[in-house]
Amino acid sequence: QVQLVAYGGGLVQAGDSLSLSCVASGRTFSRHTMGWFRQAPGKEREFVATISRIGSSTGYADSVKGRFTISRDNAENTVYLQMNSLKPEDTAVYYCAASPKYSGLYSEPAYDYWGQGTQVTVSS
């Protein structure tokens with residue numbers, strides 16, 4: 001069982017940066033691939049980024065590639081999402097998620113554990 005708590009959201013202006021953090025409970029954090037997803041008002045939740053167990057491999061949605069960076073610190077049981085050059089269309093509730101799987105990690109079904117979400121609002 002993994003419990004996740006995400007925080008760091010807020011209200012920023014277009015072009016600003018924001019960093020999200022997600023802290024996991026338990027001693028199995030390093031055995032899980034981690035991901036970030038987001039859900040905008042009136043839209044389905046979508047994949048944002050993923051990082052492998054030891055952080056050697058990452059993947060991003062095309063919409064955030066080059067602007068967002070996912071990273072993790074297994075000693076701190078924490079995964080991060082650094083968001084730069086934010087746009088109004090990045091406005092959403094951001095969720096972190098954990099998966100014991102090795103593949104298919106760009107979609108929601110691959111993830112077993114979810115955090116509560118943190119709101120990011122980007123004004124124009």
Novice: Nearest 0.5 angstrom please: Lys65 NZ to Asp62 CG, how far?
Specialist: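 So the gap between those two atoms works out to 4.5 Å.
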Novice: Side chain to side chain contact (heavy atoms under 4.5 Å, CB included) between Asp112 and Lys101: does it pass, once the steps are laid out?
Specialist: CA-CA 9 Å; Asp112 295 335; Lys101 302 179 178 65; 3.7 Å; yes
Novice: Are Val5 and Gln116 packed together at the side-chain level, in the sense that at least one heavy-atom pair is separated by less than 4.5 angstrom?
Specialist: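 Of all side-chain heavy-atom pairs linking Gln116 with Val5, at least one is under 4.5 Å.
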Novice: To check you understand the geometry: which heavy-atom pair defines the closest contact between Lys43 and Gln39, and what is its length?
Specialist: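 Minimum heavy-atom contact is O-NE2, 3.1 Å.
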Novice: Distance-only, no hydrogens or angles: does the Thr78 side chain make a donor-acceptor pair with backbone N or O of Asp73 under 3.5 Å?
Specialist: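 The answer is no, because no donor-acceptor pair under 3.5 Å joins these two groups.
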Novice: Assess whether side chain to side chain contact (heavy atoms under 4.5 Å, CB included) is satisfied between Leu86 and Phe68, documenting all intermediate values.
Specialist: CA-CA 9 Å; Leu86 282 161; Phe68 291 11; 3.8 Å; yes
Novice: Determine yes or no for a side-chain-to-main-chain donor-acceptor pair under 3.5 angstrom, with Asp90 supplying the side chain and Val122 the backbone.
Specialist: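 Side chain of Asp90 to backbone of Val122: no pair is present.
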Novice: For the aromatic rings, using the six-membered ring if either is Trp, is the centroid distance between Phe47 and Tyr60 under 6.0 Å?
Specialist: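 That pair fails the under 6.0 Å test.
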Novice: Is any side-chain heavy atom of Thr50 less than 4.5 Å from a side-chain heavy atom of Trp36?
Specialist: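 The answer is no, as the side chains (C-beta and beyond) never meet within the 4.5 Å cut-off.
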Novice: Under a 3.5 Å distance rule, please check whether Thr118 uses its side chain to pair with a backbone N or O of Tyr7 as donor and acceptor.
Specialist: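 Absent.
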Novice: Say whether Tyr111 and Val93 are linked into one hydrophobic cluster, either directly or through other cluster members, by side-chain heavy-atom distances under 4.5 angstrom.
Specialist: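 Tyr111 clusters together with Val93.
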Novice: Would you say Leu81 and Val48 make side-chain contact, with heavy atoms under 4.5 Å?
Specialist: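 SC-SC contact between Leu81 and Val48 confirmed.
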Novice: Could you tell me whether the side chain of Leu4 reaches within less than 4.5 Å of the side chain of Val23, counting heavy atoms only?
Specialist: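 No; the side chains remain at least 4.5 Å from each other.
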Novice: Would a distance-only check, ignoring hydrogens and angles, find a side-chain to backbone donor-acceptor pair under 3.5 Å from Ser25 to Gln3?
Specialist: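 Yes, because the side chain of Ser25 sits within donor-acceptor range (under 3.5 Å) of the backbone of Gln3.
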Novice: Looking at Val120 and Gly9, what are the two nearest heavy atoms and their distance?
Specialist: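 Shortest heavy-atom separation between Val120 and Gly9 comes out as CG2-CA, 4.1 Å.
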Novice: May I ask you to decide if Ser124's main-chain N or O and Gln13's side chain share a donor-acceptor pair within less than 3.5 Å?
Specialist: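 Here the side-chain-to-backbone pair does not exist.
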Novice: Give me the atom names and distance for the closest heavy-atom approach of Ser71 to Ile51.
Specialist: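 Nearest pair, atom of Ser71 first, then Ile51: CA-CD1, 3.6 Å.
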Novice: Applying the 4.5 Å side-chain criterion to the ILVMFWY set and letting contacts propagate, would Ile70 and Trp114 be lumped into a single cluster?
Specialist: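 Hydrophobic grouping puts Ile70 apart from Trp114.
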Novice: Below 4.5 Å, heavy atoms only, C-beta onward: do Arg67 and Lys87 meet side chain to side chain?
Specialist: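 Contact flag for Arg67/Lys87 side chains = yes.
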Novice: Hey, are Glu76 and Asn74 close enough side-chain-wise for a donor-acceptor pair under 3.5 Å?
Specialist: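 No, no side-chain donor-acceptor pair sits under 3.5 Å.
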Novice: Could you tell me if the side chain of Tyr113 sits less than 4.5 Å from the side chain of Ser99, heavy atoms only?
Specialist: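 When only atoms from C-beta onward are counted, Tyr113 and Ser99 do not touch, as no gap falls below 4.5 Å.
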Novice: Check whether any side-chain heavy atom of Leu20 sits under 4.5 Å from a side-chain heavy atom of Met83, and report yes or no.
Specialist: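 SC-SC contact between Leu20 and Met83 confirmed.
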Novice: For the residue pair Leu105 and Ala110, what are the closest heavy atoms and their distance?
Specialist: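 Reported closest heavy-atom pair: CD2-CB, 3.7 Å.
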Novice: Is it true that a side-chain atom of Ser52 and a backbone atom of Ser57 form a donor plus acceptor pair closer than 3.5 Å?
Specialist: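 At least one qualifying donor-acceptor pair exists.
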Novice: Regarding Arg45 and the six-membered ring of Tyr95, is the cationic atom NZ or CZ under 6.0 Å from the ring centre and inside 45° of its axis?
Specialist: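 Yes, Arg45 lies over the aromatic ring of Tyr95.
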Novice: Nearest 0.5 Å, what's the CD-CZ distance between Glu46 and Phe37?
Specialist: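 Spacing of CD (Glu46) from CZ (Phe37) equals 10.0 Å.
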Novice: Check whether any side-chain N or O of Arg53 sits under 3.5 Å from a backbone N or O of Ser30 as a donor-acceptor pair, and report yes or no.
Specialist: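 Side chain of Arg53 to backbone of Ser30, a donor-acceptor pair under 3.5 Å: no, none is there.
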Novice: Is the terminal nitrogen or CZ of Arg72 (NZ for Lys, CZ for Arg) located under 6.0 angstrom from the six-membered ring centre of Phe29 and within 45° of that ring's axis?
Specialist: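 Cation-pi check for Arg72 and Phe29: passes.
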Novice: Write down the atom of Pro41, the atom of Thr91, and the distance for their closest heavy-atom approach.
Specialist: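 So the two residues come closest at CD-O, 4.3 Å.
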Novice: Does the side chain of Arg38 reach to within under 4.5 Å of the side chain of Val64, using non-hydrogen atoms?
Specialist: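 They are in contact (side-chain heavy atoms under 4.5 Å apart), so the answer is yes.
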